[in-house]
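Taking it in order: structure first as structure tokens, then the write-up.
The figures here come from the full heavy-atom set of this structure, side chains too, leaving out hydrogens, waters and symmetry mates.
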Amino acid sequence: MSLSAVRGRLIPRKTHVLVYNDLAPGTDLIVHCKSDDDDLGVRHVSYGNDFEFHFRPNIWKNTLFHCTMKFNTEVYWFDIYVQDRDEDICDQCVWKIRPDGPCLIAHREICYSWRPPQA
């Protein structure tokens, strides 16, 4: 077995997440993403722009990044990366943020509804 094959099984590949504001012209998106270990800070993303982050999922397969998103005075919440859900779908995870919810653009478009904000 080659070294790269061993690495692929023992050390998960680095994952890149891109969050793209696809709301509407003139609509700004305020995003705050974090995991149990990392707080990525508050980001201001104007329409048609994006921000991205990267990480290496853990070997226990429980990596989770969640984000609060604010636009048009409303606050929404979504798990932007769930290792069990996303690991086999993408390692370049592109999310288009739309009024009805976020859509993962991978081999096909997978759209989700917003989750209620956490108390």
Side-chain angles (χ1 to χ4, degrees):
M1 182 177 292
S2 71
L3 181 59
S4 63
V6 170
R7 254 190 219 127
R9 289 184 181 186
L10 299 178
I11 302 170
R13 292 189 312 235
K14 189 176 278 189
T15 297
H16 298 266
V17 174
L18 184 139
V19 178
Y20 178 84
N21 179 346
D22 196 31
L23 293 167
T27 303
D28 292 335
L29 174 67
I30 308 300
V31 184
H32 186 191
C33 298
K34 53 185 167 179
S35 70
D36 285 343
D37 300 319
D38 298 297
D39 185 332
L40 304 178
V42 176
R43 306 295 179 107
H44 179 268
V45 183
S46 57
Y47 174 75
N49 289 297
D50 60 68
F51 96 93
E52 61 183 298
F53 61 96
H54 55 87
F55 56 92
R56 193 171 301 278
N58 67 45
I59 60 173
W60 299 279
K61 300 206 175 279
N62 63 358
T63 301
L64 170 69
F65 277 89
H66 59 275
C67 302
T68 54
M69 301 188 198
K70 181 178 179 183
F71 57 92
N72 297 333
T73 71
E74 298 292 324
V75 177
Y76 303 90
W77 183 73
F78 186 71
D79 291 332
I80 204 78
Y81 184 84
V82 179
Q83 192 169 357
D84 279 348
R85 179 191 70 199
D86 301 328
E87 182 176 50
D88 294 331
I89 298 173
C90 62
D91 55 9
Q92 302 282 331
C93 304
V94 176
W95 288 93
K96 288 190 173 186
I97 306 306
R98 297 178 175 153
D100 293 335
C103 294
L104 177 62
I105 310 303
H107 303 289
R108 66 187 196 291
E109 186 174 280
I110 306 167
C111 295
Y112 297 89
S113 298
W114 291 112
R115 294 184 62 183
Q118 286 185 310

H44 atom NE2: more than 12 heavy-atom contacts under 6.0 Å |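 It does: H44 NE2 has more than 12 such atoms within range.
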
Find the distance between [atom1] ([X]) and [atom2] ([Y]) and round it off to the nearest 0.5 Å.
X   : Y    : atom1 : atom2 : result
D22 : C103 : CG    : SG    : 8.0 Å
C33 : F65  : SG    : CZ    : 8.5 Å
F53 : T15  : CZ    : OG1   : 9.5 Å
M69 : R43  : CE    : CZ    : 13.0 Å

With sequence neighbours excluded, give me every salt bridge (Lys or Arg N to Asp or Glu O under 4.0 Å) pair touching residues 26-42.
->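 Checked against salt bridge (Lys or Arg N to Asp or Glu O under 4.0 Å) - neighbours excluded - no pair reaches residues 26-42.
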
Can you tell me which residue pairs pass the salt bridge (Lys or Arg N to Asp or Glu O under 4.0 Å) test with a partner in residues 58-80, sequence neighbours excluded?
->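 Residue pairs passing salt bridge (Lys or Arg N to Asp or Glu O under 4.0 Å), neighbours aside: K61-E87, D79-R115.
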
Is there a path of hydrophobic side-chain contacts, each under 4.5 Å between heavy atoms of I, L, V, M, F, W or Y residues, that connects [X] with [Y]?
X    : Y    : answer
W114 : L23  : yes
V19  : I110 : yes
I59  : L64  : no
I80  : L18  : no

If only atom types and distance count, is the side chain of Q83 paired as donor or acceptor with the main-chain N or O of N62 below 3.5 Å?
->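 Side chain of Q83 to backbone of N62: a pair is present.
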
State whether the side chain of D50 and the backbone N or O of V45 hold a donor-acceptor pair below 3.5 Å, judged by distance alone.
->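 Side chain of D50 to backbone of V45: no pair is present.
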
Could you tell me which non-hydrogen atom of [X] sits nearest to which non-hydrogen atom of [Y], and how far apart they are?
X    : Y   : answer
P102 : W95 : CB-CE3, 3.7 Å
P57  : P12 : O-CG, 3.1 Å
P25  : Y47 : CA-CD2, 3.5 Å

What is the ring orientation for Y112 with F78, classed by angle as parallel under 30°, tilted 30 to 60°, or perpendicular over 60°?
->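 Y112 vs F78 ring planes: tilted.
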
Using the ring of each side chain (for Trp, its six-membered ring), is Y81 parallel, tilted or perpendicular to F55, with breaks at 30° and 60°?
->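 Geometry flag for F55 against Y81: perpendicular rings.
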
Evaluate the side-chain proximity of [Y] to [X]: yes if any heavy-atom separation is below 4.5 Å, no if none is.
X    : Y   : result
I105 : K96 : yes
C111 : R98 : yes
L29  : I97 : yes

From CA spacing to verdict: side chain to side chain contact (heavy atoms under 4.5 Å, CB included), L104, C90 | CA-CA 9 Å; L104 177 62; C90 62; 4.1 Å; yes

For this output row, return yes or no: ring centroids of Y20 and F51 closer than 6.0 angstrom.
->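 No - the distance between ring centres of Y20 and F51 does not fall below the 6.0 Å cut-off.
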
Please name the residue in the list K14, R13, R56 that meets the salt bridge (charged side-chain N to carboxylate O under 4.0 Å, His left out) test with D91.
->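 Exactly one candidate clears the test, R13.
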
